Amino acid sequence: MNPAGKPGKTGSLMAVEVALARLLEMAEASPIRERERLPLAQVEGRVLAEDLISTLDLPPWPNSAMDGYALRVADWTGTPLVVSQKIFAGQAPEPLKPGTCARIFTGAPVPAGADCVEMQENAEVQADERVRFTEAMAVGQNIRPQGQETTVGELILSVGTRLGPIEQGLAASLGRAELEVIRKVRVAVLSTGDELIEPGQALGPGQIYNSNRVLLCSWLQRLGYEVIDAGILPDNLETTRARLGELKDVDLILSTGGVSVGEADFLGIALREEGELTLWKLGIKPGKPLTFGHFRGVPVIGLPGNPASTLVTFALLARPYLLRRQGVKAVEPLKFQVPAGFDWPKPGNRREYLRGRLENGRAIIYKNQSSGVLRSAAWADGLVEVLEDRTLIEGDFVGFIPLSDVLG
Ligand code: AMP
Ligand code: MG
């Protein structure tokens, strides 16, 4: 048995983590550094190109976490207190008059001199409008101290952070209206195969509809990239050469199909002629063959053509590569361990990424795991990782990579 996750080769196959490490090295060798300054509302999906340093204390002043009364705990001796002021959120209070309390609402600044907020549920307003408190109170209670979230000068988000709604909200809370981000990555998508036609046309003999094109184009758009849809590439060397040559102003050419060392591997031939080519046989299922190379200086990744293989290799290899080009540090998909809800009696020599879902806390898998079956992934919530050379019985732990994590 191969010890879990140990890097290395399985026979002549390259382990996934080895291929990933090489791809990431190559990504680091050609970083995308050009930046632009964008309004905060437009940075979703972008990568931060500056360290975000707080120029504020947050909150800027102590404020109330409750609707209630602000007072000095020592002033409460059992005798009801006069309400000397009313403080709403957005107002600037007067210092608290000694021996009184202040009516206060959530988010309002706590007046100087008060050291506690008591919630209104524990306060009784007397006939004379003085307030009696029914519970013991502690100094600091229900007060959100100044700077509890951030203090001036603190590093809040560092260069290379991917920005989403939460980071946008955080930047807004610090008063930032614009952020410096890495420019959009430009990816050209090519689908290779004489058998492919586009949906909307009538299927002829031997033809299938192109599913990878829209799958990858949408996925790349979700990642915040600019997609150059380069259409279908026939299995023909001349056209392959010519089409690759047209795709100059892009950061990556991403193609599918035609990488299986078969006779129709024109992508490989073109890369060998005009640049360089690395063809990897990966210890991964689905998705054994993967090409990396350059065509006249432009990086090219060739993913296997079967749609489930395209999905798995894009998620595990191409996506991290693209993120690292932008300087993102955490590029690997989220993975957690869950008990298997199935038996795996026959060990494989490749690491399997089964399309599965969680049911009652256990991973179950789609009945047909063929790499041509994209329906398995539509049924699934995640990829269930079964290590090479392993058998499983129900209840053994497997890795689970949520698709929701890798799709964005
Ligand atoms: P290939 O790597 O070109 O030998 O393709 C492997 C398998 O994936 C073949 O069955 C192809 O017909 C299929 N395939 C390749 N590209 C696509 C595509 N864009 N959409 C759907 N199936 C594809
Ligand atoms: Mg093909």
Side-chain angles (χ1 to χ4, degrees), residues 13-14 16 19 187-222 225 227-244 247 252-272 277-293 295 300-319 350 352-355 366 368-380 383 407:
L13 301 176
M14 185 186 277
V16 187
V187 183
V189 174
L190 267 178
S191 319
T192 75
D194 279 341
E195 73 280 29
L196 302 176
I197 60 163
E198 289 305 327
Q201 295 172 253
L203 267 189
Q207 295 185 317
I208 58 167
Y209 289 117
N210 182 359
S211 40
N212 291 337
R213 177 189 192 173
V214 69
L215 184 153
L216 286 177
C217 289
S218 298
W219 199 344
L220 291 160
Q221 269 157 9
R222 271 200 176 195
Y225 299 161
V227 181
I228 293 91
D229 180 352
I232 294 172
L233 185 60
D235 291 317
N236 165 305
L237 185 57
E238 288 297 298
T239 322
T240 303
R241 234 187 250 134
R243 194 74 72 76
L244 289 175
L247 303 170
L252 178 72
I253 298 171
L254 186 63
S255 87
T256 61
V259 290
S260 43
V261 225
E263 281 169 30
D265 181 12
F266 297 106
L267 181 73
I269 298 169
L271 291 181
R272 217 174 271 123
L277 163 79
T278 325
L279 185 68
W280 291 328
K281 276 195 205 159
L282 303 178
I284 178 177
K285 190 176 173 186
K288 193 152 109 189
L290 191 108
T291 294
F292 184 85
F295 189 83
V300 181
I301 292 181
L303 303 177
N306 273 309
S309 307
T310 300
L311 167 84
V312 167
T313 49
F314 184 83
L316 300 182
L317 296 161
R319 178 181 179 274
R350 293 189 274 162
E352 301 233 10
Y353 290 91
L354 306 164
R355 276 71 68 214
Y366 191 70
N368 185 337
Q369 293 288 336
S370 160
S371 59
V373 176
L374 189 56
R375 204 175 155 189
S376 61
W379 177 90
L383 300 174
L407 282 171

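Every number for a ligand or one of its atoms is a count from 1 in the order of the listing. Index from 1, following the sequence. What you see is a predicted model, and the numbers here were worked out from it, not measured in a lab.
Using 4.0 Å as the threshold, S211 has a heavy atom nearer than that to some atom of ligand 1. Not a single heavy atom of P304 sits closer than 4.0 Å to an atom of ligand 1.
Heavy-atom proximity to atom 5 (O) of ligand 1, evaluated over G302, G372, G305, is greatest for G305.
The nearest pair of heavy atoms linking T256 to P304 is CB-O, 4.2 Å.
Rounding to the nearest 0.5 angstrom, the gap separating the CG atom in L374 from the OG atom in S211 is 6.0 Å.
Side chain of Y209 to backbone of G200: no donor-acceptor contact under 3.5 angstrom is found.
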Could you go through the side-chain contact (heavy atoms from CB on, under 4.5 Å) check for L279 and T291 one step at a time?
CA-CA 5 Å; L279 185 68; T291 294; 3.2 Å; yes
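Among the atoms of S191, none of the N or O lies under 3.5 angstrom from an N or O of ligand 1. On a distance-only criterion, R213 and ligand 1 share no N/O pair closer than 3.5 Å. At a 3.5 angstrom cut-off on N or O pairs, I208 does not count as close to ligand 1.
Listed by atom number, the atoms of ligand 1 under 4.0 Å from G257 heavy atoms are 1 (P), 2 (O), 3 (O). Close contacts of ligand 1 with Y209, meaning ligand atoms under 4.0 Å from a residue heavy atom, involve 20 (N), 21 (C). Every atom of ligand 1 is numbered from 1 in the order shown, and the set under 4.0 Å from a heavy atom of G258 is 1 (P), 2 (O), 3 (O). Of all the atoms in ligand 1, the ones that sit under 4.0 Å from a non-hydrogen atom of N210 are 18 (C), 19 (N), 20 (N).
Residues forming a side chain to side chain donor-acceptor pair (under 3.5 Å) with Y366 (at least two apart in sequence, or on another chain): none. When the side chain to side chain donor-acceptor pair (under 3.5 Å) test is applied to T192, no partner is found at least two apart in sequence or on another chain.
With no hydrogens or angles considered, a side-chain donor-acceptor pair links N236 and T239 at under 3.5 Å.
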